[in-house]
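Have a look at the structure below, then the notes.
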Amino acid sequence: MKKNLLILLILMITQVLCSNICAQSDPPLRIELPTAQDADDYHFSLMEKNGVMVFYEGLQLNNDSTEWVMMHYDTNLQKQYAYNIYLSPKAAFRQSYYENGKIYLLYQDVVGKKESPKTYISVVDIKGKKADLHVLENITKFEIANLKAIDGYTVFSIIVDNSYLIYFYNTKTKNLHQFVVPDAAIISEQFIETDTLNHKMLLGLGLLYSSKVAMMTVFETNYDGQLLKAVQLPVYEDYYYNTARYKQIDSSHALIMGTYKLANSRKSGFYHSGVYTLAYDNSVMGYPEFYNYTNLHKKDTLKNGKVKEQSIDLQLLVGDIISNDSCYTLITEVYYPEYNYTSGYYDNSSYYYGGTYNPPQTTFLGYRYVNAYVTCFDKKGELLWDNYFPFSNILTRRLARRVSIYYAPFGTAIFYPYNSNLSYCLINGYETVESTETIPIECLYKKDMVEYSRDLNMYNWYDNKFIISGYQQIVNNSKSAKGKRYVFFMNKLEYR
């Protein structure tokens, strides 16, 4: 196997790189925590060079209190300490966010239809090993969409009856503020970003006004949620904005990227035709550049009034913008639902009652992943290069973003975990430097055999360090570690 690939770190020693990966005699840097089959007990928050916090619901102490166990691991995945925070037994974890030495944990009570739940924000101080609990009243039952925090200010979006509600909460003053757009329903939350250079929050929201007009709008607020400015994305009758992502470049310049659908699309519903970029400089929108998936090299710029695109209809998962000093990359993953169809037939096996007719049946098998478009742009939103990255036989019932990239010294690494393996390749612009290869995710013991993996995810932890996590069922027939175990695991990886 070639150099410059993602390799698993072993404990205190980096695995040797050679023409092939050498056999490993020491265990990898890996956490394993026991769990029941098909349970989802564990949560975690990556804390950059402060390590990782793993937490789970522990014992219920009484009718009013349940302990949540917080376990701090360093960057070598060695456990440093553990302590408890205490919440209502009804509280269920929803979302977390790490910022500057603190973890913000969002919970809400699980209650019946006629009960009013309480919402909780627990602010965990990593160095102080303590947590401040904030109880928020009068927030309806919700599905969490997003959570961000900066210096004690939090903002979170929730989904209620197919609409979004945005809340700002100041943990210092304990002030809760709902962000409302007059005469409009928020039908999508595209991004919530912090602009630390200008001390602002940026909200990208899809709006449906009472006049049935839909708009994509960027709202600038202060950290408390007070509106500073609202700027609509330019409207053109031939294009519909489906998604939007935001990246702050410096104090004056930002870039908005996302996907769009052509008005002449042959399909109704949430389908995508291509990628667009939009400069957002000093709170002023520029002209969008549209890149159709049928031919990404021929952009369509409305600055010149040119609209000559063919329609294509793709179902996509849209990632966040990944950037370095010169490249801004958007990854979109193509999938489609796959079904098994059986024809109707007569069953004549019944001797006494005669034949029976079995009607046609349609069975949902899962989502088939096809390929990922990796599109890289400069600071002005001009396409630098794109890459078509095919998936290898992924059929799953869990619809989730899988592909990520890492800007390496010799090119760009593209990778994704699936089915106990890690697939990757190395490209340099349009050129493929190393074709796609697959390596197994290493286990704790030599004779471990993974029977299945689920909920695999991979994250860029810090610098060239990565975390891959998920749940596994493992069997081992050796004398020292014989048996079957179900575990939540985390492996540390490094790009070298």
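- Ionic pairing of Asp151 and Lys172 is present here: one or more N-O contacts between side-chain nitrogen and carboxylate oxygen are shorter than 4.0 angstrom.
- Seen from the ring of Tyr471, Arg454 counts as a face-on cation partner, given the 6.0 Å and 45° thresholds.
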For this session: Please report the C-alpha distance between Tyr164 and Leu205 in whole Å, then the side-chain angles of each, then the deciding distance to 0.1 Å, and finally whether the side chain to side chain contact (heavy atoms under 4.5 Å, CB included) criterion is met.
Result: CA-CA 9 Å; Tyr164 287 72; Leu205 305 178; over 6 Å; no
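- Between Tyr486 and Lys484, the closest heavy-atom pair is OH-CD, 3.5 Å.
- For the atom pair Ile158 CD1 and Glu143 CD, the distance stands at 10.5 Å (nearest 0.5 Å).
- The closest side-chain donor-acceptor pair between Gln108 and Thr119 falls under 3.5 angstrom.
- In this structure, the side chain of Thr375 engages the main chain of Leu330 through a donor-acceptor pair within 3.5 Å.
- Across every non-hydrogen atom of Gln315 and Pro337, the tightest pair is OE1-CD, 3.2 Å.
- Evaluated for a ring pair (Phe, Tyr, Trp, His ring centres under 6.0 Å) with Phe44, the options Phe489, Tyr459, Tyr56 yield exactly one hit, Tyr459.
- Taking a cutoff of 4.0 Å between a charged side-chain nitrogen and a carboxylate oxygen, Lys174 and Asp132 do not qualify as a salt bridge.
- One side chain, Asn393 or Arg368, offers a donor N or O that lies under 3.5 Å from an acceptor on the other.
- Between Ser96 atom OG and Leu105 atom CG the span is 6.0 Å, to the nearest 0.5 Å.
- Looking at heavy atoms from C-beta onward, Ile331 lies out of side-chain contact with Ile414 at the 4.5 angstrom threshold.
- The existence of a salt bridge linking Lys118 and Asp109 is excluded, since no basic side-chain nitrogen approaches an acidic carboxylate oxygen closer than 4.0 Å.
- Considering OG of Ser423 and CZ of Phe415, their distance stands at 12.0 Å, rounded to 0.5 Å.
- Atom OH of Tyr241 is separated from atom OH of Tyr276 by 6.5 Å, given to the nearest 0.5 angstrom.
- Screening Tyr86, Tyr120, Phe93 for a ring pair (Phe, Tyr, Trp, His ring centres under 6.0 Å) involving Tyr107 leaves a single residue, Phe93.
- A distance-only check finds no donor-acceptor pair linking the side chain of Asn428 to the backbone of Val433 [under 3.5 Å].
- With respect to Phe391, the ring pair (Phe, Tyr, Trp, His ring centres under 6.0 Å) criterion is satisfied by exactly one of Tyr418, Tyr335, Tyr416: Tyr416.
- Side-chain N or O atoms of Asp463 include none that pairs as donor or acceptor with a backbone N or O of Lys465 at under 3.5 Å.
- Around CG of Asn62, the count of heavy atoms belonging to other residues, nucleotides or ligands within 6.0 Å exceeds 12.
- Taken from CE in Met53 to CD in Gln80, the straight-line distance is 10.5 Å, to the nearest 0.5 Å.
- Residues Lys148 and Glu193 are paired through a salt bridge, judged by an N-O separation under 4.0 Å between the basic side chain and the carboxylate.
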For this session: With ring-ring contact (aromatic ring centres under 6.0 Å, His included) as the test, would you mind laying out the steps for Tyr291 and Tyr373 before giving the verdict?
Result: CA-CA 12 Å; Tyr291 299 85; Tyr373 290 103; over 10 Å; no
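- Counting heavy atoms from C-beta outward, Leu317 and Tyr367 have side chains that stay 4.5 Å or more apart.
- Note that CG of Leu444 and CD1 of Ile474 are 8.0 Å apart. Values are rounded to the nearest 0.5 Å.
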